[in-house]
Amino acid sequence: QVQLVESGGGLVQAGGSLRLSCAASGRTFSTYAMGWFRQAPGKEREFVAAINWNGHSTDYADSVKGRFTISRDSAKNTVYLQMSSLKPEDTAVYCCAAEPQGWASKPPRYDYDYDYWGQGTQVTVSS
């Protein structure tokens, strides 16, 4: 019902910035909470950020607070992850995901909260 396609990944130097985009298709995009996860080689997938259905609530992993900003544009059916002050440890494949419940009470921080996933985009931060 929802298809997600990430873009904007690439190679950036430490301290730099990058904006990831996740384009969603589907008539009910505006009712879904959206999240970003990342997975580095040899590590488990970890939560990065989430935004509720109307964009009024956001949540971030401690490791990215103050550096990353999640946002959404309902007119474009797109969610963004603005990343700044990037560190080498931010290197990972970044995936966006859709959560049909829209974030009812607590922020969706876990893989099992989400029903739909994009294919991922590689972000590499060099020293």
*Establish, yes or no, whether a centroid distance under 6.0 Å links the rings of W117 and F37.*
yes
*Report the C-alpha separation of K106 and D59 in whole Å, then their side-chain angles, then the decisive distance to 0.1 Å, and conclude whether the salt bridge (Lys or Arg N to Asp or Glu O under 4.0 Å) test is met.*
CA-CA 9 Å; K106 294 185 176 182; D59 184 54; over 6 Å; no
*asked:* Here's a test for you: under side chain to side chain contact (heavy atoms under 4.5 Å, CB included), which of V123, L81, V93, V64 qualifies with R38?
replied: V64
*For atom CD of E89, is the number of surrounding heavy atoms from other residues, nucleotides or ligands below 6.0 Å larger than 12?*
yes
*Do you know which two heavy atoms are closest between N52 and H56, and how far apart they sit?*
OD1-N, 2.9 Å
*Taking all heavy atoms of A33 and all of R72, pick out the closest pair and write down the distance.*
CA-NH1, 4.1 Å
*For W103, does the CH2 atom sit with more than 12 other heavy atoms under 6.0 Å from it, leaving out its own atoms?*
yes
*When rounded to the nearest 0.5 angstrom, what distance separates CZ in F47 from OH in Y110?*
9.5 Å
*Mind checking whether Q82 and S17 have side chains closer than 4.5 Å, heavy atoms only?*
yes
_Do R19 and Y80 form a cation-pi contact, if we require the NZ or CZ to be under 6.0 Å from the six-membered ring centre and within 45 degrees of the ring's axis?_
yes
_Heavy-atom side-chain contact between P108 and Y114 under 4.5 Å_ = yes
_Shortest non-hydrogen contact between T91 and V125, atoms and distance_ = OG1-N, 2.9 Å
*Atom pair CD (Q122) and OH (Y94), whose distance is rounded to the nearest 0.5 Å*: 9.5 Å
*Out of curiosity, T124 OG1 to L18 CG, how far, rounded to the nearest 0.5 Å?*
10.0 Å
Just distance, no hydrogens or angles: give the donor-acceptor pairs under 3.5 Å from side chains in residues 3-16, sequence neighbours left out.
residue	atom	partner	partner atom	Å
Q3	OE1	S25	OG	2.6
E6	OE1	Q119	N	3.0
E6	OE1	Q119	NE2	3.4
E6	OE1	G120	N	2.9
E6	OE2	C96	N	2.8
E6	OE2	G120	N	3.2

_Nearest heavy-atom neighbours spanning R67 and L86_ = NH1-CA, 3.9 Å
_To the closest 0.5 Å, what do you measure between OH (Y60) and CZ (F68)?_
10.5 Å
_Minimum heavy-atom separation for I70 and W36, please, with both atom names._
CD1-CD1, 3.6 Å
*asked:* For K76, is there any backbone N or O sitting under 3.5 Å from a side-chain donor or acceptor partner on T78?
replied: yes
*Gap between atom CD of E99 and atom CG of D113 - 0.5 Å precision*: 5.5 Å
*In Å, rounded to the nearest 0.5 Å, how long is the span from OG1 of T58 to CE of M34?*
14.5 Å
_Between the side chains of D90 and K87, is the shortest nitrogen-to-carboxylate-oxygen separation below 4.0 Å, so that they form an ion pair?_
no
